[in-house]
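Each remark here refers to the structure printed beneath this line.
For this chain, numbers begin at 1 and follow the sequence in order.
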Amino acid sequence: MNQKVDEVLNCDVVTVGIGAAGMTAAVKAAKDGAKVVGIDRAQDFTEMNNVYSTAALAVETEDEKKYPDYMTVGEAFRYIWEENNYQANGRFTLNALKATGKAIDLLKDGGVTFIPTYTDARPNDNITKRTGNIYKESGPKRAAQFQKLVDQAGVKQLWSTKVVKILSNDHEVTGVIAKRDNGQLVQVNAKGGVIICGGGFLHNDQMIQRYYGIPKVYGYANAFVDGSGIKLAQEAGAQMGKNFTIAMNEGGGVNHKSATFMKTLWGDNSLFRIALLGGVIVNNHGLRFVDEAELCKRTMYNSEPLIREGGKFYSVVDQGTLDILKTMTLDQYTQKYLKTKVTAPMFVMAFANQILKNVDQDIKKAESEGWCWQADTLEELEQKSHLTNLSKEIQHYNQMCQQGEDTELFKDPNFLNPINKGPFYVIENDFSGWVTQGGIKTNGVCCALNKFNQVINGLFIAGADGDFWGVPYLVGGTANGFSLASGYIAGTQCYQRVLDKAKYDQEMKANDQYSTDNSSTNEWKDGTYDTIAHGRNADFDIEVGIKDHQIKQIKISDHNSESKGIGSKAVAELPSRIIKAQSTNVDAISGATVTSNAIKYAIRDVLDKNRD
């Protein structure tokens, strides 16, 4: 980027994003004593996802510790660590749990109000009840509380502004270049570093396809969660982690063909509630694939089965069930006909008291829009919906209901109600979610890591942009609680780096037990070595010549595809820098960070593998 900068700001800490994680990071760092700038593409807090999230998991808040049976950090850690089958980032999980209570206290001190779920909890209650902090206000009222919180902390905010570049110098991240909506460029220099918290990539279809293998997720998040924060971190050399999942929308289904699409969470079309009621759900082949009872009892934790089936699923229901739902609330229905009281927070708050009295009109509307089919027989319904195997599958299901045992998916027998009172209906649902989980690798305190698991000095990750918690989504409020906690940790750490940068960077290098760059020790075996660099546009070949234990020659070939534009500068200039320094620990070529890092990583790999 060669455009002239219109304004320069100097600060200690800059957050890329002011959502749940970014807001907490900014306020924490500011209260510690840092001069903080927060940057966000939204106009203000009213556009943030966090003004509509339900609750935050938190352990050992000051209020919680007043109760005798509060959940300890150790208890919560063991539960999450073991139930995740050890897939979470263990060090982060422990540190995050220690920070969750502090983050909630930070927000409470700033005027954000919560309703605790733990006041009458007992040791045998589930972890969600024992750690829940439900936001008391939502929408504009909560946005006003957040605005007051950051204003009181003295955080300078740049709204309607997009970060377009990460600045780095001498092996550390030093700030950002941001572009206001009016086109003006602002350079923000940050003494301690940059905290990236862009909210994930729910609205980036290419990344959704790459990491989830489905065409699209219909998300309730704002349009700015498009992976731009993750891409910025990658430009600085940060690497993606390995665990990816989605916090499912526990509001039921959606369908992009519906006129009320994306309003359905609040009940505009009653057919989308059917997916929550423990009946039959099939894939596009007409086959059951999920324990529908668990989808009813623990709605948002069932994203994995739906993702594996391609993101579409189909509710099957008969007229007998619909007639019942016209006469009683969903809560009454689940208790009387399923012998289950559903306690999922969204179900309780938004749907439990609903009676589906408009279901007949909703069916006609859905049929006209092409996402609902009805027929007098199962065979006819199969033909209309094109769900091969549907008739045979429902007949088999009805037999299991008669026998009182699900021998296929072992569903709770209380949910085994036959589909036998026509007409019959199929309702098509698109997969929807609240937030992506998975992103940049970090150490235990939110420092971003490069390809070699080395800390990138001055670069921190918080919230949904990080590879923090594992698969599946286990505990209500995890996404929000861990976003607040990671923001708290990142804000704390970034300010610690302000106080003594050299000491902080050395401690990160020494204490994290990750590999270090020893390419300057000049202990390499003589020889000529070939390697491959993975650039922005293509892979290309590199030949490294070692003589007298020193780097004597670096040849780069087959780089034409990679060299379009400014990437050619890295190919031309970087080898001589590495040879002169006798180390890959050199600055990237300005404007060609991705190609520079590809070259450095490939050569470093050669050097690491060929030591004396």
With no hydrogens and no angle check, do the side chains of Asp362 and Ser270 hold a donor and an acceptor under 3.5 Å apart? yes
CD1 (Ile489) and CD1 (Ile461) are apart, to the nearest 0.5 Å, by 13.5 Å
Spell out, as yes or no, whether a donor-acceptor pair under 3.5 Å connects the side chain of Thr128 to the backbone of Gly476. yes
Shortest non-hydrogen contact from Ala238 toward Leu459: CB-CD2, 4.3 Å
Considering only residues two or more places apart or on different chains, which pairs with a residue in residues 391-408 satisfy salt bridge (charged side-chain N to carboxylate O under 4.0 Å, His left out)? Arg288-Asp406
Main chain of Val445, side chain of Asn95: is a donor-acceptor contact present, judged purely on distance under 3.5 Å? no
Which residues satisfy the side-chain contact (heavy atoms from CB on, under 4.5 Å) test with Thr343, sequence neighbours excluded? none
Checking Ala103 now: which residues fulfil side-chain contact (heavy atoms from CB on, under 4.5 Å) with it, not counting sequence neighbours? Thr24, Leu484, Tyr488
Could you check Leu330 against Leu356 for side-chain contact (heavy atoms from CB on, under 4.5 Å), going step by step and ending with a plain yes or no? CA-CA 8 Å; Leu330 298 182; Leu356 305 190; 4.0 Å; yes
Shortest non-hydrogen contact between Tyr67 and Thr119, atoms and distance: OH-CG2, 3.3 Å
Glu60 side-chain N/O to Gly101 backbone N/O, donor-acceptor pair under 3.5 Å: no
Smallest separation among heavy atoms of Gly310 and Pro215, with atom names: O-CD, 3.8 Å
Residues that Ser228 engages under side chain to side chain donor-acceptor pair (under 3.5 Å), provided they are two or more places apart: Arg41, Asp226
So that I know where these two stand, are Trp81 and Tyr86 an aromatic pair - ring centroids less than 6.0 Å apart? yes
Applying ring-ring contact (aromatic ring centres under 6.0 Å, His included), can you list everything that pairs with Phe460, at least two apart in sequence or on another chain? none
What's the separation between atom CZ in Phe289 and atom CG in Leu306, rounded to the nearest 0.5 Å? 5.0 Å
Qualifying ring pair (Phe, Tyr, Trp, His ring centres under 6.0 Å) pairs, either residue in residues 290-344, two or more places apart: Tyr301-Tyr473, Tyr333-Tyr337
Listed partners of Thr327 passing side-chain contact (heavy atoms from CB on, under 4.5 Å), at least two apart: none
Taking all non-hydrogen atoms of both residues into account, name the closest pair between Gly438 and Phe201 and its distance. O-CE2, 3.6 Å
Rounding to 0.5 Å, atoms CG (Asn429) and CD1 (Ile281) come to a distance of 7.0 Å
Asp331 and Thr329: side chain donor to acceptor below 3.5 Å: no
Ignoring hydrogens and geometry beyond distance, is a side-chain donor-acceptor pair present between Asp318 and Thr321 at under 3.5 Å? yes
To the nearest 0.5 angstrom, please state how far the CG atom of Asn284 sits from the CG atom of Leu387. 7.5 Å
Hey, does Thr131 have a side-chain heavy atom less than 4.5 Å from the side chain of Tyr79? no
Assess the pair Tyr135 and Phe114: is the distance between their ring centroids shorter than 6.0 Å? yes
Applying side-chain contact (heavy atoms from CB on, under 4.5 Å), run through Ile274 and Leu322 and close with a yes or a no. CA-CA 9 Å; Ile274 302 300; Leu322 293 182; 4.0 Å; yes
Is there a donor-acceptor pair closer than 3.5 Å between any side-chain N or O of Glu292 and the backbone N or O of Lys411? no
Identify, with sequence neighbours excluded, every residue that meets side-chain contact (heavy atoms from CB on, under 4.5 Å) alongside Leu94. Val73, Phe77, Lys98
Greater than 12 external heavy atoms within 6.0 Å of Lys365's NZ: no
With a 4.5 Å heavy-atom cut-off, do Phe415 and Lys297 have their side chains touching? yes
Correct closest heavy-atom pair for Ile427 and Val317 would be CD1-CG1, 4.3 Å
Between the side chain of Asn133 and the main-chain N/O of Ala55, is any donor-acceptor distance below 3.5 Å? no
Using modelled atom types and a 3.5 Å cut-off, is there a donor and acceptor pairing between side-chain atoms of Ser486 and backbone atoms of Ser483? yes
Would a distance-only check, ignoring hydrogens and angles, find a side-chain to backbone donor-acceptor pair under 3.5 Å from Asn302 to Glu294? yes
So, Arg142 side chain and Phe45 main chain: donor-acceptor pair closer than 3.5 Å or not? no
Evaluate the criterion side-chain contact (heavy atoms from CB on, under 4.5 Å) for residue pair Leu276 and Thr334; output intermediate values, then yes/no. CA-CA 10 Å; Leu276 297 178; Thr334 58; over 6 Å; no
Interatomic distance, Ile394 atom CD1 to Gln399 atom CD [nearest 0.5 angstrom]: 12.0 Å
Does anything in residues 64-76 form a salt bridge (charged side-chain N to carboxylate O under 4.0 Å, His left out)? List the pairs, not counting sequence neighbours. Glu62-Lys65, Asp63-Lys66, Glu75-Arg130
Under the side chain to side chain donor-acceptor pair (under 3.5 Å) test, residues paired with Lys257 that sit two or more places apart: Glu428
Does Asn389 reach the main-chain N or O of Leu287 with its side chain, forming a donor-acceptor pair under 3.5 Å? no
Going through the distances and angles, do Leu449 and Gln239 end up as a side-chain contact (heavy atoms from CB on, under 4.5 Å)? CA-CA 6 Å; Leu449 301 177; Gln239 296 295 301; over 6 Å; no
So, Tyr52 versus Trp434, ring centres under 6.0 angstrom or not? no
Looking only at side chains, do Asn50 and Asn480 share a donor and an acceptor under 3.5 Å apart? yes
Are Lys421 and Asp323 within salt-bridge range, i.e. N to O under 4.0 Å? no
Quick one: sort the Tyr218 and His256 rings into parallel, tilted or perpendicular, breaks at 30° and 60°. parallel
Please report the closest heavy-atom contact between Ser303 and Ile246, naming both atoms and the distance. OG-O, 2.8 Å
Can you sort out the partners of Asp120 under side chain to side chain donor-acceptor pair (under 3.5 Å), two or more places apart, ordered by chain and number? Lys129
Summary of side-chain hydrogen bond (donor to acceptor under 3.5 Å, both in side chains) pairs that have at least one residue in residues 207-217, sequence neighbours excluded: Asp205-Lys216
OG1 (Thr442) and CZ (Phe468) are apart, to the nearest 0.5 Å, by 4.5 Å
Is the backbone of Gly17 close enough, under 3.5 Å, to the side chain of Thr15 for a donor and an acceptor to pair up by distance? yes
